[in-house]
Amino acid sequence: MKIDDSTIVGGRQILTWKIGERLFGMDIGHCREVDKDKVIVAVPHSRKEIAGIVNLRGDVVTVIDLRVLLGGEAAKAADDQMSVIIRLKCRNQHVALKADSIYDVLSVTNDQFEGTPAHLSEIEARYIQSVAMTPKGLVVILNPDEILRGAS
Amino acid sequence: MSVDFEGLFESFVAESSEMLDRAEGSVLELEKGFNKEVVNDIFRAFHTIKGDSGIFGLQEITDTAHALENMLDLMRAEKLEVSMERIDLLLTGIDRLRQMIAAARVGPGGVQLSSDGDVKTLLDTLHKAIAGDRQVPVKKPQTIVRQNSVGEGGSFSLRVPKRYRLDAEARGHYLSLVYVDLYAQGISSLLEIRQILDNLEDQGSLLMQGVLENMLPGRGPGADGSLLPYYMVLATQGPVEPFLEHHGIGGKVLRVLHTPKGQNAVPVGGAAVPVDLVEDDAGVSGEVGTGGATPAVPAPLLAGENAIRDDRNAEEGVLLDEGRGTAGMIVKMPAKKTKQSAVEAPPSAMPPAEPKESPSLKNANQAIQSMRESSSETHLKVSVTLLDELINLAGETIIARNDLMQKVERIKDPALAVTSKKVSYLVTKLQESIMRTRLQEIGTIFQRLPRLVRDISLLTGKQVELVTEGGDVELDKTLIDAIVDPVMHMVRNSIDHGIEAPEIRIRAGKPEKGILKLSATLRGGNVILRIIDDGKGLDADAIRNKALAKGLITERQAAEATNEELFELIFEPGFSTAETITQTSGRGVGMDVVRTNFKRVGGTVDVSSEKGRGTTITATLPQTLSIITCLMVEIAAKRYAMPQQNIEELILIDPEQLTTVESHIMYRLRGHLLPLVKIGEVLYPGRQAEQEPRYIAVVRSDRHRFGMMIDDIINPEEIVVKPLGEHFSDLTIFSGAAILGDGEAVLILDIPGVARFTNLQSNMREDLEASRDQAAADEKESGYLLVGVAGNQFAMPVSSVPRIEKITSERIESFMGIETLIFNDEIVPLLRLQTVYRLARREAVGTDLYVLIFNVHGMRVGIVVDSIKSVVGSIGHVETGAYLGESVNGQAIVNGEKTVVLDVIDLIGRMQQTKFRELRAYIEKGAPDSASAMETTEA
């Protein structure tokens, strides 16, 4: 599905997805599209946080495994895993994030945002922009620039 | 939409850039010697830029180009000498023009320049440079006063010098202000505009011109949708309208500024275009124009704002050659009156109105002719965006074609098969042709080199001759763009680090001038680019030491590496360091970036060198981007693509021919041994293979020929190569990825990358195994060597003693204040444990001694002991409580004796840092004859 960015006054639209039981999200303005049922081809000898490459509309897109990037272990799954991929907007790179499933587009008002929690590990603190307490639960908002840069 | 105005502006930018590049080349030629033709070429370039920039009102560019043009004019007339200084000035001028053109932008107020004071400085310098030689005092140019942009109420304020009217009066001419939408005339190219304006100026009719900014679409209330609204102040002998018709200009007369006596005022039939005319007194009296208009003349309407006077009028202007006007081409400036002539002759002398000297006119016509020819029918200018689109379409078509062919194959229909094959063939041909549209000569890169070489040579004081070959070899434009910077960097490197200073070269028996040669050749579908210098070559030892120091290689690798392997190290990131940064080579851009850049477009870079003779860098590139033929193979149950160009042959494995030589697996092929790579294991180490590979693909990279053991061969395919992202930049085994007909992404193996990777791997593996054995040995406590020193017993782990040498004490020599032993032509410093641990004095001369020779951190060190007692399996409990000394692990009771357990490696390491440091440095520098230096022993 392609994403429209529409802004609401006094808040932001956050695209959210699930990894395990946690809800992650990013400002929808940074997301380009979401794809399902794509085969990610693993690249031998690449960095551990790289899940592989995938074909998105004719582009070879690098898929980052968020679980690993945030200091965890890669999910155990069959080789040809069909995952949800969130492609990011980036002018000179083709990058996407791998998630278990897409959750929703949430309208988060400014007062729902909180700063970065103090208990984050160093790795997490780098990639996490803020947290939002929404009616649907706690959403960890990611920092797109750090994610793009960090994986380089 | 103002697209076309911007389109014209883009043309201007593109054409000017080209012209400046050519001019630069010509200036460099001029440096070699005066040549009137060359001077002419340069002159024309500046002249054209001057004219074109005027169309867009880019005053600073016009002024700069004008000043440069004048300088060239004088040189052309041999009235000004071509000196080194002036060459530099010309080059600086070219640079400055480039910068200004790049900074010019189409914006709301028309075309703007973000100007800075540098232009003024440059102009001053130019003026001084010219004026210095001339006897005639510098004159002020009658520059067009810069009109300001839309004033309040959306009108345009125009200052017309009063003398135009006075001239017209004196000569009985009509003076009119005309408005033309050049675009509506069907005029769509700069060339055409130029031609028309040239024509008019030649006849002395066009006095002022410019863009009516308030009439540009969307820019002012006066806008009427015209796309190139232009105004002209014309002086004509007859009424202006027929004149306009005659010249094919559909203009509207806005204002008649002067009608000759006796003629009826021509009714103004033009639409009401808001233009405010202000008559200006500048230049009326012929004096050097100072500021401040005399508001004596009744002006029709005063503009809401004051027109911005050009301050430069007040300064020393550009020298003009009197009596000739400018070169007689595009005379942007009206009446070229010098101070004298203005005083001597009444303002009626209007040089542009008089017939030009024939050489000038001839030049003008010739210039127009050559302009016409160069832009005529053999070539077409096409936007790069359109070409990119074509490439993408071609790529997608190929993918779809591949998919289609697969499906057709499953349908066994002969008629369908024939037609689809035809279509397939056409698609391939189409794609090839489209690829060719993007081909550009590599000479475009070569063109930029003379300037670079010259600048760096001057900077470094080296003398370099640049030779280029094969500039007509063609490459896809994207590739050329991608390699320009790396090539320039390598050229810089060659001059900076390769070619020696003239004195050094002479001493080495080489010619004073170093030669730097760039050659491009086409081989298969690849372009081979070579950068060859006859400088001092790469120093393998220096590289080895630097790599060791940086921890890029282990000592073992350092000891065993061949020169080629050492040279490869310059491509390691982190290799180029502060020591190699010079002013020219810059920092942080090393050969690793060069290689990555080439790799990114599917190419390779390799280096070979001979110390003292020179270095050659060889880069290969595919000629076209995107599409290559690959063989799809199966490795470890996954699909991979192998570029066809690297594959020599395919072999079905005969297990009998498999053999192992020194733990390397090989295949006997036609009497030769082919090294094999189990690529499945390389890609997926630790994987349990379900089946053994059935085929070998014999591949070749530049240096290596080997066989890749693959599970299965699928089929050949033409694939569209897509680069892997930056996240994979340090991955050498893949050169890119492709998208197959079924939509799946597949990785493309990089054969040279695999070769390099497996070499490293095998080295690493051996080291790993060795150290694992070592660790195992240590763990098992496989034994200790017990030695006696000055009546004390020491224990050292057996695994750490490579050699025991029995000597007499006479063999111990003193060198640099240290006791040493010459062992196998090496200087081995010696350690006496009694000295280290302050034990009793040593033995008498003549007694046999034992030296335990260790190799630690790449340096041999010997420990002198009195006796070797025995080797024991274990030493029991080691007490670590009391501190006994440095590098001592503890104390134990072995064979009933108190024994000090030594950490030999640590001890020696420490000594190398302290006591042996100087000696080590000395040894590393490779002293010619180590054994010759003798000193009286201090011991």
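In what follows, chains are A, B, ... by sequence order, proteins preceding strands, each numbered from 1.
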Engaged part of A/Val95 at the chain B interface, taking heavy atoms whose separation is under 4.5 Å = side chain
Side-chain touch A/Val41/B/Lys638, heavy atoms, less than 4.5 angstrom = no
Is there a side-chain contact between B/Leu724 and A/Thr62 (heavy atoms, below 4.5 Å)?
-> no
Hey, is CD on A/Glu21 packed in by over 12 heavy atoms from elsewhere, all under 6.0 Å?
-> no
Structural part of B/Leu683 lying under 4.5 Å from a heavy atom of chain A = both
Give the minimum heavy-atom separation between B/Leu747 and A/Pro44, together with the two atoms involved.
-> CD1-CD, 3.9 Å
What distance do B/Glu744 atom CD and A/Ile53 atom CD1 have between them, rounded to the nearest 0.5 Å?
-> 9.5 Å
Are the aromatic rings of B/Phe757 and A/His45 close, with centres under 6.0 Å apart?
-> yes
Side-chain heavy atoms of A/Ser46 within contact of B/Phe734, under 4.5 Å = no
Where is the tightest heavy-atom contact between A/Arg47 and B/His727, given as atom of each residue plus distance?
-> NH2-O, 2.8 Å
